[in-house]
Amino acid sequence: MANKLISRLTNGTKPAAMTRRGFLVSMTATGVAFGFPRAGMAAMDPAAPDGTPVEAAGSPFEPTMWYWIDRDGIVNVNIIRAEMGQHVGTAIARILADELEVAWENVRITHVDTAEKWGLMVTGGSWSVWQSWPVYRQAGAAGRTALIAAAAQKWGVDAGICQARDGSVTDGTNTISYADLVAEGINTTFTEEELNALPLKPHAELRLVGKDVTALDIDNKTSGKTIYGLDAKVDGMVYGVPMLPPTRLGSSVTSVDDSGAVDVKGYLQTITLDDPSGTVPGWVVVLGESLMAAKWASEAIKVEWSAGETASVSEEDINARSVELIADGVTGSILPTQTPDTTAAFDGAADVLEADYTTQTVLHFQLEPLNATVFQNEDGIWEIHTGNQWQSLILPTLAAALEAPADKIVMRTYMLGGGFGRRLNGDYAVPAALASKAIGGKPVKLVFFREDDVQFDSVRSPSVQKLRMAFDADNAVVGMEHHAAAGWPTQVMVPSFMPKGVNDEPYDPFAIDGADHWYSVGAHKVRAISNDLANKTFRPGWLRSVGPGWTNFAVESFMDEAAHKLGVDPLAFRLDHLKAEGYNAGSAPNATGGASRQATVLKRVVEMSGYGSADLPADTAIGIATTFGQSRSMPTWTAGAVQVHVDRATGEIDVQRIWLAFDCGTVVDPDGALAQCEGAALWGLSMALFEGTKIENGNVVDLNLGSYTPLRMIDTPEMEIAFVESTEVPVGLGEPGTTVIAPAIANAIFNAVGVRMRHLPIRPEDVAAALKA
């Protein structure tokens, strides 16, 4: 380890000559450091005091690429998901350890680098546990099977009479530890077909899944030793800060005058980036010996730009374009619902209900500002050190920007000081890489101050939605339409992820999921529309709960409106249409039970909250909503109830209590599941009442927390959360809790004071105006 340590820069001194020797992280004020001098070692164990991945004792047994076991009985699990506070490594490792039958205290985790063998590396969409469940169970079963076979062969007995438990194998007479079996040597490997055929433990025999265990990374998180991208340091490194052009796309630099910065102590140079990938056109990066030297210098540098075509675009312009696209009746993709042709239903309708819903631009505002440290090591490998949620997405862009082969780039993903979807788009690593390339591959640490971070945000696009429902002469629902227009993040960043609708037009599922609901409404048309003006003005992004965070606001508000139009109870109306039949019957393995499971969580939350039966003060009421989380392919059955009090004079909304019920299949990590759902609900509350900026002159108007005001701790209500016991496949929990909060609040406001709010965020002045009207 000694040869890996490299000298620590002293603040206030001139940087040493820039070399590419290695990489270090300062851990504490005393300067404890560790090094990763080669790309192949670009990995992290968040439980280790210095983050260095655990090394195997002796020759380890590696039945699959997902883990190894060494002669000390230590099991090291390889994690391809990013850690941003959700303890994803703990959840995934316990899946494997349970099937492998090892003691939890012997389990370690390594967040791996971006080697091609790991396949698709993405942490988003609430996919991590859902996608990992079959893979890591099979991997654990492979190790257990091989170890039992080795013990049986050693004893000359039938493997069928042997049993594995807590890292040992026994036949009832003899017992041997995994450690000893590994020390004696095991060479068993499995083909993919053999892995798929391995028997898994019955659900009743799972001993770690669903039980409380200590998170593997909790100590460092609570002691402040967790390593984030902002902690990265490289020997000889210089710091960079960006100077952003007036438009996200289409800008170019016409002149740079750095004469005002030459006397700034520590100022080095200003670089106009040349970006073959087109990610950061018109960017300037200022370099300094320290971060503040670069920042102070940037304030003295004058840059003139030629702005792109969206320099005068406003939020109103974007919404007007959405209204225009919806009204043309043709543009967009028609989703493959069971009966997408609604013509006959509406032509023959006895009555029709229509309503429009809108949402404002929303920012991510993750706690840790964007940053990346980049250099080219002595082997010619470009090393990208940063926190990132979708390594597989940005690596090809980095290859294009650096004009380097993909196998000459490696990313080491740190712990993320907040992601929420912002770090799915790793665009912030591109200017750091280009700045490093401009100075010969020497190390550059680019840090975004908050205002630059926000201006460069991949925002949640503003949206416009029109919903329609057709009724026959008996007030039965015979048809429903949902038309939604917004900027499409997937279209802009990874169009290959877009399926095609029934009209052969592709659509962004992350900008329409939720509209294809599980209610039986007769003919059902869902039309997803890409707002081209939004896509040109900013880089639309994935933000926690993505499309379902706003599509469900419309769906569940509209279901309430339909019930009130008919004069029936909103709960009864929903339950009458949550029928597990036809398109909504569900299918194995992910959606077994279909709409009936959604009805179950709705009933559960009604029981928890007392909706419809609670005796509440004047201007106080409970609203309900139910969704299926993220997508029909991975439904997390979710229901929420929110109790609010509305001040009729000011329009102020006091959210007093929140109740949530989830059916997420098997709960893998109980404590993590609860934390995820609490956080998701509070995120939903924040977006419902507090968060929303606007586009003016092609950029967002709110650049810091002085004017952009998310939920504060003082506004956090009481919460009660319940999980339906289940042995079904585990699905996502990071985002579904977000999706029910806004519509439940809107429905509660209507129940309390009789006004219908159809825009997010719901501001007090808008409630007051509605009450006066």
Side-chain angles (χ1 to χ4, degrees), residues 120 122-127 248-249 318-319 321-326 328 330-337 340 357-359 361-362 364 389-390 392-394 397 420-427 457-467 481-517 525-555 627-635 732 735-736 738-739:
L120 178 66
V122 57
T123 310
S126 298
W127 289 347
R248 178 66 178 78
L249 300 171
I318 293 170
N319 287 341
R321 179 59 174 156
S322 287
V323 171
E324 177 185 4
L325 291 167
I326 290 172
D328 73 19
V330 177
T331 307
S333 176
I334 309 301
L335 269 65
T337 54
Y357 302 88
T358 57
T359 64
T361 299
V362 181
H364 286 86
Q389 292 179 247
W390 196 344
S392 300
L393 176 63
I394 196 59
T397 304
F420 312 119
R422 176 57 185 100
R423 285 183 162 93
L424 284 165
N425 176 11
D427 51 2
D457 194 9
S458 292
V459 300
R460 188 179 85 174
S461 172
S463 71
V464 176
Q465 301 175 79
K466 176 179 286 293
L467 276 69
E481 294 181 352
H482 190 147
H483 309 264
W488 282 7
T490 312
Q491 179 183 25
V492 170
M493 289 187 271
V494 56
S496 61
F497 267 54
M498 297 203 303
K500 287 188 175 182
V502 296
N503 59 344
D504 207 37
E505 291 293 328
Y507 64 92
D508 184 349
F510 301 103
I512 197 61
D513 277 346
D516 52 344
H517 54 67
K525 180 178 185 178
V526 177
R527 178 171 159 239
I529 305 166
S530 173
N531 186 314
D532 51 352
L533 183 58
N535 295 344
K536 293 176 184 176
T537 304
F538 50 84
R539 182 60 64 94
W542 301 283
L543 182 142
R544 189 172 188 173
S545 79
V546 287
W550 48 271
T551 60
N552 282 297
F553 167 62
V555 170
T627 71
F628 52 99
Q630 294 311 104
S631 68
R632 287 185 69 99
S633 64
M634 186 199 69
E735 298 166 283
T738 301
T739 62

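- The CD1 atom of I326 sits 5.0 Å away from the CD1 atom of I529 when rounded to the nearest 0.5 Å.
- Smallest separation of non-hydrogen atoms from T537 and R248: O-CB, 3.6 Å.
- Although no hydrogens or angles enter the test, the distance criterion places a donor-acceptor pair under 3.5 Å between the side chain of N503 and the main chain of G332.
- Rounding to the nearest 0.5 Å places OH of Y507 at 10.5 Å from CE of M498.
- In this structure a side-chain-to-backbone donor-acceptor pair under 3.5 Å is present from R632 to H517.
- Side-chain N/O atoms of N552 and T739 include no donor and acceptor closer than 3.5 Å.
- Residues meeting the side chain to side chain contact (heavy atoms under 4.5 Å, CB included) test with S530, sequence neighbours left out: W488, Q491, N535.
- By the 4.5 Å heavy-atom criterion applied to side chains, D457 and R422 are counted as neighbours.
- Smallest separation of non-hydrogen atoms from G514 and P548: N-CG, 4.5 Å.
- Among L543, V362, T359, T358, the one residue that satisfies the side-chain contact (heavy atoms from CB on, under 4.5 Å) test with W550 is T359.
- Contacts of Y357 classified as ring pair (Phe, Tyr, Trp, His ring centres under 6.0 Å), with partners at least two apart in sequence or in another chain: F553.
- For the pair Q389 and F420, the tightest heavy-atom approach, listed with the atom from each and the gap, is OE1-N, 3.8 Å.
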Show, in sequence, the C-alpha distance, side-chain angles and deciding distance for D427 and T397, and conclude whether the side-chain contact (heavy atoms from CB on, under 4.5 Å) test is met. CA-CA 8 Å; D427 51 2; T397 304; over 6 Å; no
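- The side chain to side chain contact (heavy atoms under 4.5 Å, CB included) check on V502 picks up I334, P336, P340, with sequence neighbours excluded.
- Side-chain contact check for L335 versus I512: some heavy-atom pair is nearer than 4.5 Å.
- With values rounded to the nearest 0.5 angstrom, M493 atom CE is found 5.0 Å from S458 atom OG.
- Considering CZ of F628 and CG of D516, their distance stands at 4.5 Å, rounded to 0.5 Å.
- By the salt bridge (charged side-chain N to carboxylate O under 4.0 Å, His left out) test, R423 is found to be paired with E368, residues two or more places apart in sequence or in another chain being considered.
- The two atoms that bring Q630 and G125 nearest to each other are CG-O, 3.9 Å, heavy atoms only.
- With sequence neighbours excluded, the residues that form a side-chain hydrogen bond (donor to acceptor under 3.5 Å, both in side chains) with Q465 are H482.
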Might you work through the side-chain contact (heavy atoms from CB on, under 4.5 Å) test for V323 and K466, ending with a clear yes or no? CA-CA 9 Å; V323 171; K466 176 179 286 293; over 6 Å; no
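- When the salt bridge (charged side-chain N to carboxylate O under 4.0 Å, His left out) test is applied to R321, the partners found at least two apart in sequence or on another chain are E324, D532.
- With sequence neighbours left out, S392 forms a side chain to side chain contact (heavy atoms under 4.5 Å, CB included) with L120, M121, W390.
- With sequence neighbours left out, R544 forms a side-chain hydrogen bond (donor to acceptor under 3.5 Å, both in side chains) with no residue at all.
- For D328, the side chain to side chain contact (heavy atoms under 4.5 Å, CB included) test picks out L325, V330, T331, R527, with sequence neighbours left out.
- With sequence neighbours excluded, no residue satisfies ring pair (Phe, Tyr, Trp, His ring centres under 6.0 Å) with F538.
- Side-chain N or O atoms of E735 include one that pairs as donor or acceptor with a backbone N or O of S126 at under 3.5 Å.
- Here S461 pairs with nothing under the side-chain hydrogen bond (donor to acceptor under 3.5 Å, both in side chains) rule; sequence neighbours left out.
- Note that the CG atom of L424 and the OG1 atom of T123 stand 8.0 Å from one another [nearest 0.5 Å].
- Taking each heavy atom of G487 and P489 in turn, the nearest pair found is O-CD, 3.5 Å.
- For the atom pair OG1 (T627) and CG (D513), the distance works out to 11.5 Å, reported to the nearest 0.5 Å.
- Nearest heavy atom pair, residue P462 against residue T361, reads CD-OG1, 3.1 Å.
- Contacts of D508 classified as side-chain hydrogen bond (donor to acceptor under 3.5 Å, both in side chains), with partners at least two apart in sequence or in another chain: T490.
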